[in-house]
Amino acid sequence: MMITAQRSLDDIFNTFLENKKIFRNKESLTERYTPETIPHRDNEIHQLATIFAPSLRLEKPSNVLVFGKTGTGKTLSVNHVLTFMSQKAALQGIPVSIVYVNCKMKKVADTEYRLIAEFARQFGVSVPPTGLPTDEVYNLFYESVDSKKQVIVLILDEIDHLISRAGDDILYNLTRINSSLKNALVSFVGISNDLRFTEHLDARIKSGLGEEEIIFSPYNALQLRDILKERALQSFYEGVIEDGVLAKCAAYAAREHGDARRALDLLRVAGELSEREASPKILELHIDLADEKVEKDRLYEAVIRQPKQSQLVTYAIMAYYEEQDTPAFTGDIYSIYKGLCESLGIKPLTQRRISDLITELDMLGIINAKVISHGRYGRKREITLSLPPNTFSKLQLLLKNELES
DNA sequence: GTCAATTCACATGAAAGAGACCACGGTCTAGTG
DNA sequence: CTAGACCGTGGTCTCTTTCATGTGAATTGACGA
C-alpha cells in the first residue's frame with residue numbers, strides 16, 4: 001500500500017492494465033453469492049428437507065429453530081432447501097410461499113410492528129412505516145394471507161436479535177397466528193447465532209417454536225479448505241493461488257470458530273491486496289496482510305458508525321490510556337467524558353447511560369470490559385482498548401475529526 | 001486465627017418520559033363552475 | 001361544491017433519565033482458641 005502511494009498515477013494504472021488479472025469473478029466470494037452446492041452440510045439439509053416435506057401435501061410443517069455460529073451455513077442451507085421446495089411446489093401447482101426476513105436489518109424488521117408489516121408487505125399489502133396500531137397490522141397480515149388455503153413458511157433470520165431488542169412477547173403472538181387463521185397454515189423457521197438463545201425464553205414459546213431443532217456445528221479447517229477450494233475455482237484464474245494459501249486461509253478462519261464467511265473474506269481481501277501490488281500470485285504473505293486489514297477495517301468501521309455519544313466515550317477511553325497505564329474503570333471514564341462534553345458544549349448523559357454505552361462498545365469488540373469486584377473498593381468494570389497499538393493514533397485522529405464536524 | 005457482617009462503587013433492571021416520526025379523520029380555505 | 005392545506009389525536013420507535021435493586025470480595029470487628 002505504501003509503495004503504491006508513492007508511484008505516479010500513470011504507473012499505477014499501467015501496471016494494473018498490463019498485469020494478468022487475478023479475479024475471474026469476485027462476486028462468488030461475497031456474502032450475496034449463493035453457491036450451487038453446500039459442502040459438508042448434507043446432514044442438516046436432509047433434516048430440513050424432511051421437516052418441510054409435509055408442506056407439499058398442504059400440511060403444516062413443524063416449526064424449526066436453527067442454531068449455529070456465524071458463517072456456518074445456516075441461512076444458506078435453509079434458503080437452499082426452501083427455494084428448491086417452493087420451485088417444486090410451483091411446478092405442481094401447490095400453494096406454498098416462503099418469506100425470508102432478517103430481523104437484524106435496522107428499520108425493517110427489528111420490532112414487532114415492523115416485522116409483521118414486513119410480512120404483510122411481502123404478501124402485497126402496503127403498510128405505512130408507522131402510525132398504525134400493531135393489531136391493525138396483524139389484521140392486515142391475516143387478511144392478505146387467509147384468503148385461500150396455503151402453506152406459508154416464515155424465516156426469521158437472526159431471531160435472537162429481535163428478542164433482545166423487543167422481548168419475547170412477539171414470539172408468543174407469532175406462535176398463535178395459526179389459531180387466528182382459518183385457511184392458511186403458517187410455520188416458522190428461527191435462525192439464531194446464539195446457541196443459548198432459548199434459555200431466556202418462556203417455556204411455552206420454547207416448546208411452540210422449537211418443535212424441531214437443528215444445530216450447525218462450526219466447520220473445521222479441512223472443511224473450510226474444501227469450501228475455499230470450490231469457490232476459488234470460480235473466482236480466480238487458474239494458477240494464481242500459491243500452494244498452501246488456501247490451507248492457511250482456512251486455518252486462520254478455523255482459529256476463530258470455523259467461520260466460512262470470514263475465510264472467504266480473507267481470501268477476497270488477499271486477492272485484492274496482491275492485485276494492488278501487481279503480484280502475479282496470491283502468496284501466504286497476503287493472507288497475513290489480509291487478516292490484519294480485515295480486522296482493522298472492521299474496527300474503524302465500527303467506530304465511525306457509532307453515534308456521537310459512543311464515539312465520545314471511545315475517545316474518552318483513549319484519552320485515559322494516553323495518560324495512564326493502570327486499568328480504567330467506569331468512574332474514571334465518566335469524569336473524562338464529562339470534561340469532554342463541557343469543552344465541546346454538549347450536554348453530558350448520565351452515568352447509567354454511559355455504563356450501557358460501554359457495554360455496547362464491548363459487544364462490538366471496540367473495547368474490552370470486564371466486571372471485577374474490588375471488594376471493599378466496589379464492583380467496577382475494568383475497561384481496556386482492544387486495539388492493536390499501531391492503529392491507536394490513526395483512530396484517535398479519525399474520531400477527533402468526526403467529533404468536531 | 002476464623003467467621004460472618006459490612007461496605008463500596010458500581011452493575012443491572014424496570015419503568016417511564018421526551019421528542020421524532022407517521023396515519024387518519026375532521027375542519028377550514030380558496031378556487032371552480 | 002370540491003380539492004387541498006392544516007390541525008388534533010393517537011400510534012410507534014429510539015434514546016434517555018429516574019428510581020430501585022443486586023453484587024462480590026476486601027475489610028472490619030466480634031469471637032474463641
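By convention in this document, chain letters (A, B, ...) are assigned in the order of the sequence lines, proteins followed by strands, and residues within each chain are numbered from 1.
In this structure, A:Glu136 reaches neither bases nor backbone, as no heavy-atom distance under 4.0 Å exists between it and the strands shown.
Counted by atom type alone, A:Glu158 and A:Asn193 present one or more donor-acceptor pairs between their side chains at under 3.5 Å.
Ion pairing between a basic and an acidic side chain is recognised when a charged N comes within 4.0 Å of a carboxylate O; A:Arg352 and A:Asp356 show such pairing. Taking the charged nitrogens against the carboxylate oxygens, A:Glu301 and A:Arg298 have no contact shorter than 4.0 Å, which rules out a salt bridge. Salt-bridge check for A:Lys74 with A:Asp157: failed, with every basic side-chain N at 4.0 Å or more from each acidic carboxylate O. At a threshold of 4.0 Å, the pair A:Arg268-A:Asp265 counts as salt-bridged, since one of the basic side-chain nitrogens sits closer than that to a carboxylate oxygen. Using a 4.0 Å cut-off between charged side-chain N and carboxylate O, A:Arg255 and A:Asp291 make a salt bridge.
Cation-pi check for A:Arg231 over A:Tyr33 is not met; the charged atom does not lie both under 6.0 angstrom from the ring centroid and within 45 degrees of its normal.
In this structure, A:Phe329 atom CZ and C:dG24 atom C1' are separated by 15 Å, rounded to whole Å.
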Where protein sits on nucleotides 11-16 of chain C, one letter per nucleotide: B base, S sugar-phosphate only, - none, heavy atoms under 4.0 Å: BBSS-B

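Minimum heavy-atom separation, A:Leu224 to A:Ala254: CD1-N, 3.6 Å. For A:Ser77 against A:Ile45, the heavy-atom pair with the smallest separation is CB-CG1, 4.1 Å.
Between A:Arg381 and the phosphate of B:dA11, there is a side-chain N or O to OP1/OP2 separation shorter than 4.0 Å.
Looking only at distances, no side-chain donor or acceptor of A:Asp194 sits under 3.5 Å from a matching main-chain atom of A:Asp160.
Residues from residues 365-372 of chain A lying near DNA chain C, meaning a heavy-atom separation below 4.0 Å, are absent.
Position along DNA chain B of the nearest nucleotide to A:Asp332 versus A:Arg352 favours A:Asp332 as the more 5'-ward residue.
The CZ atom of A:Phe141 sits 15.0 Å away from the CG atom of A:Asp135 when rounded to the nearest 0.5 Å.
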Polar atom pairs (N or O), protein with nucleotides 26-29 of chain C, under 3.5 Å:
unit_1 : atom_1 : unit_2   : atom_2 : d
C:dA26 : O4'    : A:Arg376 : N      : 3.3
C:dT27 : OP1    : A:Tyr377 : OH     : 3.3

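Considering only side-chain atoms of A:Lys380, the nucleotide from B:dA11, B:dA9, B:dT12 that sits closest is B:dA9.
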